[in-house]
Amino acid sequence: MPRPCDWARLNSGVYMQSYAFGLLAGLMTLLGGGANDLLDYMPTDVFWKAKHTDVTVVSMLEELKERQGEDISQLIKDLGAEEFGAREEAARKIILRKPVVIPQLKAAVKTSNDPEIINRVNLLIEELSNAAKGSEVRKLMAIRALGEKKDKGAVEALRKLTDSKEMFVAEYAQRAIAAIEGKAAPAAPAVPIDQDLWTFPKDCGIVAQVHYAGLGRQVDVRKMLDAMPMLPAEQKDQMLSEMYTQLLAIADQIGNIRIDGGTLGVSSDVGNKAGFAAFLIRGQYDAKAVAAFMKKKQIAVQNIGDTECFNPDGATFFSMPGNDRALLLTG
């Protein structure tokens, strides 16, 4: 096996014909902008303008307040009613209460002895969790906005979030506090991608690793577009607007996505009818939310063992074995 290469940056200038390689090239081009997070490509003012919200310290602190849902204990009991219609009506009313009732539903799973209630509650948690992604993104963008405002009055509220178990929240809060206090941002946690080298078959002809060190670095997408030759300003403006619209729509459904790096392996027998390539991606994201999004887009899916694998073009498989990694495989 050749010695693995640790690249600081991967430039995608090679045209690759298959869907999988094209997807990989697009991913590398996007992240080549210098950021790890999906939200780093969305300016704060653009985001809140789309949400029809003024960016003030008061409005952003309001976004961080925890809201308690109304008591739904009776509706949860009705999920186990004898009448099918009553069970369906209870589920419909719970959905209308929105994601703030998820803690009550999770508590019901632990305390209920009724299999019907437990099954329905689990389905409701999944549906409401997917709907909650938009709220999670608003929270992250509010934290970031407070850091940009540099108002010391926001530090107390932000400090309360530094112990949060919600994905990305503690890190965003720590970075916002550092920005307000004029200190260096906290160092990014180490990601053990070196371990992934040994998950690839021994007959790999090429093995390479790519690391991204742009945590917390926002990207000026307009500058990226300006660097593209042969495009008039009007087209670039339209492209930028469409990109932000699509980015918002995706983030509202799957939340933030972070890519810290990855390991690429290509077999030594690549040809017209032989060989494989695999890319193991390291980062953070909500695998269930991404899977639900891909199913909504009607991307073919099949189970291989206990793993759901998405198969967009017949020769490519994309699987998400956890919230910290994903695998793209083609052959």
Side-chain angles (χ1 to χ4, degrees), residues 10-33 35-39 41 126-127 129-131 133 137 193 196 199-201 204-210 212 239 242-267 269-331:
L10 179 63
N11 296 316
S12 56
V14 180
Y15 175 74
M16 297 180 245
Q17 293 184 350
S18 76
Y19 176 90
F21 280 117
L23 180 62
L24 176 59
L27 180 65
M28 294 300 101
T29 301
L30 179 67
L31 290 176
N36 292 59
D37 286 14
L38 181 68
L39 295 183
Y41 292 86
E126 183 176 355
E127 184 171 349
S129 295
N130 291 335
K133 290 302 164 187
V137 170
I193 71 168
D196 297 336
T199 64
F200 286 79
C204 283
I206 300 173
V207 178
Q209 285 195 316
V210 55
Y212 293 102
M239 288 175 63
E242 291 175 353
M243 193 203 79
Y244 286 149
T245 299
Q246 293 176 8
L247 181 58
L248 276 169
I250 292 171
D252 280 343
Q253 295 180 70
I254 65 176
N256 190 30
I257 289 180
R258 174 173 297 165
I259 296 181
D260 295 305
T263 306
L264 172 68
V266 181
S267 66
D269 60 342
V270 172
N272 289 334
K273 296 184 179 180
F276 69 85
F279 191 58
L280 183 58
I281 305 164
R282 282 277 188 167
Q284 292 182 58
Y285 68 111
D286 187 332
K288 288 185 177 179
V290 175
F293 175 79
M294 295 178 79
K295 289 175 182 176
K296 186 176 180 181
K297 295 298 181 182
Q298 298 183 328
I299 296 176
V301 60
Q302 60 180 284
N303 289 331
I304 299 178
D306 295 329
T307 304
E308 268 191 336
C309 294
F310 292 87
N311 184 210
D313 67 357
T316 304
F317 288 90
F318 181 74
S319 67
M320 295 166 285
N323 291 335
D324 64 344
R325 68 194 71 188
L327 175 65
L328 181 68
L329 176 67
T330 189

Which residues pass the side-chain hydrogen bond (donor to acceptor under 3.5 Å, both in side chains) test with Asp252, not counting sequence neighbours? Lys51
Roughly how far, to the nearest 0.5 Å, is the CZ atom of Phe276 from the CZ atom of Phe317? 14.5 Å
Pairing residues for Ser319 by the side-chain hydrogen bond (donor to acceptor under 3.5 Å, both in side chains) criterion, not counting sequence neighbours: none
Nearest 0.5 Å, what's the CG-CD1 distance between Leu38 and Ile259? 9.0 Å
Mind checking salt bridge (Lys or Arg N to Asp or Glu O under 4.0 Å) for Arg258 and listing every partner two or more places apart, or none if nothing turns up? Asp37, Glu171
Atom pair CG (Asn256) and OH (Tyr285), whose distance is rounded to the nearest 0.5 Å: 13.5 Å
Looking only at heavy atoms, which two atoms of Val137 and Gly255 are closest? And how far apart? CG2-CA, 3.8 Å
Using the salt bridge (Lys or Arg N to Asp or Glu O under 4.0 Å) rule, collect all pairs that involve residues 293-305, keeping only residues at least two apart or in two chains. Lys295-Glu308
Sequence-distant partners of Lys288, salt bridge (Lys or Arg N to Asp or Glu O under 4.0 Å), two or more places apart: none
Taking every non-hydrogen atom, the tightest pair across Gly275 and Asp269: CA-OD1, 3.3 Å
To the closest 0.5 Å, what do you measure between CE (Met320) and OG1 (Thr307)? 10.5 Å
How long is the straight-line distance from CD1 of Ile299 back to OG1 of Thr316, given to the nearest 0.5 Å? 11.0 Å
Are the side chain of Thr330 and the backbone N or O of Ala315 linked by a donor-acceptor pair below 3.5 Å? yes
State which residues pass side-chain hydrogen bond (donor to acceptor under 3.5 Å, both in side chains) with Asp324; sequence neighbours excluded, sorted by chain then number. none
Nearest-0.5 Å distance, CG of residue Asp286 to CD1 of residue Ile254: 9.0 Å
Tell me whether Gln302 at atom CD has more than 12 heavy atoms from other residues, nucleotides or ligands lying less than 6.0 Å away. yes
Minimal non-hydrogen separation, Cys309 against Ile304, with atom names: SG-CD1, 3.8 Å
Hey, are the side chains of Val210 and Leu264 touching, using non-hydrogen atoms and a 4.5 Å cut-off? no
Looking at every heavy atom in both Pro321 and Ala326, which two are closest together, and how far apart are they? CD-CA, 4.1 Å
